[in-house]
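For reference, positions follow the sequence shown, starting with 1.
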Amino acid sequence: MAFNFITAEEAAAMIKHDDTFGLSGFTAPGTPKAVLEAVAKRAEKAHENGEEFKVNVFTGASTNDHVDGILARTNTMGRRAPYQNTPDLRKRINCHDAHYFDRHLSEMAQETRYGFYGNIDYAVIEAADITPDGEVLLGTGVGNVPTYAHMADKIFIELNEKLPKSLYGMHDVILLQDPPYRREIPIFHANDRIGSPVLKIDPNKVVGIIKTNSYDGVKPFTEPDAVSKQIGSNVVGFLLSEYRKGRLPKEFLPLQSGVGNVANAVLYDLGESTELPSFMMYTEVVQDAVLELIKKGKCTFASTCSMTFSDKTEEELFGNIDFFHDKILMRPAEISNNPEVIRRLGVIAMNTALEADIFGCVNSTHVLGTRMMNGIGGSGDFTRNAYISIFSCPSITKEGMISNIVPMVAHPDHSEHSVDILVTDQGVADLRGKDPVQRAQAIIENCAHPFYKEILWDYLKLGKGGQTPHSLAAAFAMHVAFSETGDMRNADFSRYC
């Protein structure tokens, strides 16, 4: 079949108010770079003429400035799911100009297929290649595109000339059957392949191909600061202790790591450990640090949903793709984040928190309990099903005016039932096998900053009995103190006695 090559502007001209897009990609990699920008510019003109024009965007995870950024700045975003991390969109969400619903990443594709969120009008897919019979070679991120392409009425292909055709074989694309027909997912090792190297679509759905020529635009992470390095050292020290005690198998277990400077610091520290063996990763995102671990032979294989590499590292990957080709495999999010596989493989999960409370609950999403930061992402998928679930965060932020260890989290994303280990720059709290008071004692003693230890001990003494001795009146006193005075150290529990 011969496809039509069109411009992004021609594609945007087909779009109507309240149309719903399903996009390829997972984080910036694999995310379209042209069509949604053109849609935003068209919407901007419509708004100038007093016309209502917004679109709904479903993705694999976060996107980039070509999507979330420009749609937010032009107030073109209607509904959005399942994850975002763009400052401009964050402002719209917290002002209720955009309707964001936060979902576990493993659930988004299947819930879309179940019909929970309505129809997909257009899928926009970034590709390295497409054949006349509809075999699409995807780029550097997969996300939920098998579902969106299957459900979409029409499809745009963004053919990115920066993507080499030698990516062929680095994808493992599969579309799960829905209940009651779903079978087991036959992944028994992180490097098992179960699907196709290409995404197969109906070529009759393709209404146009748009040529692009752009890297993913991922900025390199800054060099880890002293706090991040200490957290990384503490995490690796804990894993080494578990390994020495025989609580981890001698061949080790696959690792999952979240995104950010702390996650990179942990991975770099793992790369320096001579006692821990080489390992595989079963994760949702691989970052620059993982490529370094693969080059060293420390990471022997990485199963992921996205290669979230900086432009420089992406160039290195493409320039040495023969070496990396059999060491990285990209899967859809409902496979990379699937609870069945995570539990079977015994994945060690390492994620970051905004704050944690003294009883072991974690807030991953809302600053002071109200303002959305990014979203829960895949942390819940891995946390609840991990062999060991580790959360980390700095003990303080804003030069000590905020303690990230608090009496009660202002927004609960992960309960104490799912959190095994809490790590800050101060130390490690092992929460396994402890009752609530014992957990509180371990967290205050090992994870709280010295600025806040006495304050947290004072709070614990306020409890009036019960297994979890909260003081309902005083539980958010530290948050209130920050809202009123700008410093959590000004919390005054005496007013609640």
Side-chain angles (χ1 to χ4, degrees), residues 3-25 28 30-82 84 86 88-89 92-93 97-101 108-109 112 115-127 130 134 136 139 143-160 199 201-212 214:
F3 297 116
N4 293 323
F5 284 84
I6 63 175
T7 66
E9 290 71 26
E10 288 171 325
M14 303 180 197
I15 309 307
K16 304 185 300 296
H17 167 66
D18 204 35
D19 275 348
T20 297
F21 287 93
L23 306 186
S24 65
T31 299
K33 299 170 176 64
V35 171
L36 275 296
E37 277 201 343
V39 170
K41 290 174 183 175
R42 183 182 167 206
E44 199 167 26
K45 291 181 181 178
H47 296 162
E48 290 172 358
N49 294 328
E51 300 170 17
E52 189 176 16
F53 197 110
K54 287 194 174 188
V55 295
N56 310 308
V57 177
F58 297 158
T59 61
S62 57
T63 63
N64 52 29
D65 196 64
H66 302 290
V67 178
D68 283 343
I70 193 166
L71 290 178
R73 288 191 295 275
T74 56
N75 202 11
T76 308
M77 188 72 80
R79 286 194 302 162
R80 177 73 175 89
Q84 59 76 44
T86 306
D88 290 317
L89 181 55
R92 293 288 185 189
I93 290 167
D97 287 332
H99 304 290
Y100 172 63
F101 56 99
M108 185 66 194
T112 303
F116 294 175
Y117 311 130
N119 296 328
I120 302 293
D121 297 297
Y122 293 92
V124 188
I125 304 171
E126 182 175 79
I130 181 171
V136 179
N144 293 325
V145 72
T147 290
Y148 299 149
H150 173 72
M151 292 190 63
D153 295 332
K154 298 175 182 179
I155 296 174
F156 295 116
I157 300 292
E158 288 197 7
L159 196 61
N160 189 343
L199 171 68
I201 64 173
D202 179 355
N204 293 308
K205 288 185 178 183
V206 179
V207 292
I209 295 180
I210 300 93
K211 286 189 176 182
T212 64
S214 175

* Asked: How would you list, by chain and number, every residue that makes a side-chain hydrogen bond (donor to acceptor under 3.5 Å, both in side chains) with N64, sequence neighbours excluded?
  -> none

* To do: Mark yes or no for whether D88, through its side chain, and I70, through its backbone, hold a donor-acceptor pair below 3.5 Å.
  => no

* Structure fact -> Closest non-hydrogen contact found for M108 with A81 is CE-CB, 3.8 Å

* Over 60° means perpendicular and under 30° means parallel, so classify the ring planes of Y117 and F58, tilted if in between. => perpendicular

* Can you find a pair of side-chain heavy atoms, one from S62 and one from T86, that are under 4.5 Å apart? -> no

* Main-chain N/O of H66 paired to K33 side chain as donor or acceptor, under 3.5 Å -> no

* **With T76 via side-chain contact (heavy atoms from CB on, under 4.5 Å) - residues at least two apart** => A43, H47, F53, V55, L71, T74

* Please tell me if the side chains of D19 and V39 come closer than 4.5 Å, counting only heavy atoms from C-beta onward. => no

* Looking at K16 and D121, does any basic side-chain N land under 4.0 Å from a carboxylate oxygen? -> no

* Asked: Tell me, do F21 and L36 make a side-chain contact under 4.5 Å, heavy atoms counted?
  -> yes

* Side chain of T59, backbone of L23: donor and acceptor closer than 3.5 Å? -> no

* Taking side chain as C-beta onward, heavy atoms only, is N4 less than 4.5 Å from E10? -> no

* **R92 bridged to D68 by N-O distance under 4.0 Å** => no

